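Note that the coordinates shown come from a computational prediction; the quantities given were computed from them, not determined experimentally.
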Amino acid sequence: MKLCFSSKWVQFGLIACASFAAAPQVFAQDAGTRVAVVNSEKVFNESNLAKAMQTRLQNEFTKRQNELRDSAQKIKSAAEKLDRDAAVMNEADRVRRQRELADQDRELQRKQREFTEDLNQRTFEERAKIAEKANAVLKQIAEQRKIDVIVQEAAYVSPKADVTDDVIKALNSLK
């Protein structure tokens, strides 16, 4: 009976020793991994490239946006005029003008959808260009600082692990 009892203690001791021997290797692997975090939305909003992108898109789409707004205002004015004049118009003219307004409104909605799609597409293209440059900068930062992993959009970030401002500075220095 004593042999069984001491045998269990020996087994327990061996397992404990093996665990303690393996533990430093596990912790050494974790201690060697360096992680950083970047806030990509901040990069897309605050870098000079992003500001230039906004200016280019604004210049490219302002004219169309103003035309759409003017068309919408004209349709609204025509609809208000029709509402005022409907009582004194004959039935055929009123129906004709209602159809014209409905056609104009459908055309305006189509143009607004096209505008939105074009704007979204151009924004996506411009952001892809910035992302490509930002990824190159991130790779440089990772190599310089010997960072193993860079994560985007973490729930919590220690200021010492956040490399967003460094990425923005590096992007701003690019030409």
Side-chain angles (χ1 to χ4, degrees), residues 9-76 104-175:
W9 281 105
V10 170
Q11 288 175 352
F12 179 77
L14 289 174
I15 292 172
C17 288
S19 297
F20 286 116
Q25 292 174 347
V26 171
F27 290 118
Q29 289 174 351
D30 288 343
T33 303
R34 294 190 49 155
V35 178
V37 178
V38 65
N39 182 338
S40 58
E41 280 306 309
K42 186 174 179 182
V43 171
F44 284 125
N45 291 328
E46 295 182 11
S47 69
N48 289 343
L49 290 174
K51 291 174 184 174
M53 172 196 74
Q54 288 294 334
T55 302
R56 275 192 308 276
L57 291 175
Q58 188 173 11
N59 290 338
E60 186 176 333
F61 287 95
T62 299
K63 182 180 176 188
R64 279 177 65 188
Q65 186 176 22
N66 290 339
E67 288 171 357
L68 289 172
R69 187 178 20 225
D70 292 344
S71 294
Q73 186 60 42
K74 287 178 185 175
I75 291 171
K76 181 180 176 186
Q104 290 173 359
D105 189 48
R106 274 194 300 278
E107 181 66 16
L108 175 64
Q109 289 177 11
R110 183 189 61 77
K111 287 180 180 180
Q112 287 174 331
R113 280 191 306 274
E114 287 177 0
F115 172 81
T116 302
E117 290 170 3
D118 291 347
L119 179 61
N120 289 340
Q121 179 65 33
R122 285 288 295 126
T123 301
F124 178 77
E125 291 169 0
E126 292 292 326
R127 285 177 69 111
K129 291 176 188 176
I130 294 171
E132 186 178 328
K133 291 177 182 180
N135 285 337
V137 166
L138 280 170
K139 186 175 180 182
Q140 287 177 338
I141 289 173
E143 289 171 355
Q144 289 170 354
R145 296 184 184 181
K146 297 182 180 13
I147 297 172
D148 298 313
V149 178
I150 297 179
V151 180
Q152 291 182 357
E153 317 308 331
Y156 168 76
V157 180
S158 167
K160 67 181 181 180
D162 189 356
V163 295
T164 305
D165 292 334
D166 298 328
V167 172
I168 292 172
K169 287 177 191 172
L171 284 174
N172 290 347
S173 68
L174 292 178
K175 281 293 167 184

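With sequence neighbours excluded, the residues that form a side-chain contact (heavy atoms from CB on, under 4.5 Å) with K42 are N39, E46, T164, D165, I168. The side chain to side chain donor-acceptor pair (under 3.5 Å) test applied to E67 returns no partner, not counting sequence neighbours. With sequence neighbours excluded, the residues forming a side chain to side chain donor-acceptor pair (under 3.5 Å) with N66 are R69, listed by chain and number. Shown here are the side chain to side chain donor-acceptor pair (under 3.5 Å) partners of Q104, two or more places apart in sequence or in another chain: there are none. Residues passing the side chain to side chain donor-acceptor pair (under 3.5 Å) test with D105, sequence neighbours excluded: Q109. By the salt bridge (charged side-chain N to carboxylate O under 4.0 Å, His left out) test, R106 pairs with D103, sequence neighbours left out.
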Enumerate donor-acceptor pairs with a distance under 3.5 Å from any side-chain N or O in residues 148-157 to protein atoms, sequence neighbours excluded.
{"residue": "D148", "atom": "OD2", "partner": "R34", "partner atom": "N", "Å": "2.9"}
{"residue": "E153", "atom": "OE2", "partner": "S40", "partner atom": "N", "Å": "2.9"}
{"residue": "E153", "atom": "OE2", "partner": "S40", "partner atom": "OG", "Å": "2.5"}

Side-chain donor-acceptor pairs of residues 122-131 under 3.5 Å, sequence neighbours excluded:
{"residue": "R122", "atom": "NE", "partner": "E60", "partner atom": "OE1", "Å": "3.1"}
{"residue": "R122", "atom": "NE", "partner": "E60", "partner atom": "OE2", "Å": "3.0"}
{"residue": "R122", "atom": "NH1", "partner": "E125", "partner atom": "OE1", "Å": "3.1"}
{"residue": "R122", "atom": "NH1", "partner": "E126", "partner atom": "OE2", "Å": "3.2"}
{"residue": "R122", "atom": "NH2", "partner": "E60", "partner atom": "OE1", "Å": "3.1"}
{"residue": "R122", "atom": "NH2", "partner": "E126", "partner atom": "OE2", "Å": "3.0"}
{"residue": "T123", "atom": "OG1", "partner": "L119", "partner atom": "O", "Å": "2.8"}
{"residue": "E125", "atom": "OE2", "partner": "Q121", "partner atom": "NE2", "Å": "3.2"}
{"residue": "E126", "atom": "OE1", "partner": "R56", "partner atom": "NE", "Å": "3.4"}
{"residue": "E126", "atom": "OE1", "partner": "R56", "partner atom": "NH2", "Å": "2.5"}
{"residue": "R127", "atom": "NH2", "partner": "E41", "partner atom": "OE2", "Å": "2.8"}

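Nearest heavy atom pair, residue A134 against residue V43, reads CB-CG1, 4.4 Å. The shortest non-hydrogen separation linking V137 to A170 is CG1-CB, 3.3 Å.
In this structure, K111 and R64 have side chains that are not in contact, with every pair of non-hydrogen atoms separated by 4.5 Å or more. By the 4.5 Å heavy-atom criterion applied to side chains, V163 and L138 are counted as neighbours.
The structure places OG1 of T55 at 9.5 Å from CE of M53, a figure rounded to the nearest 0.5 Å. Interatomic distance, Q65 CD to D70 CG, rounded to the nearest 0.5 Å: 11.0 Å. Separation of atoms CG (L108) and CD1 (I75) is listed at 4.5 Å; rounding is to 0.5 Å.
Looking at R113 and E117, no side-chain N of the basic residue comes within less than 4.0 Å of a carboxylate O on the acidic one, giving no salt bridge.
Pairs engaging residues 47-74 under the ring pair (Phe, Tyr, Trp, His ring centres under 6.0 Å) rule: F61-F115 [sequence neighbours left out].
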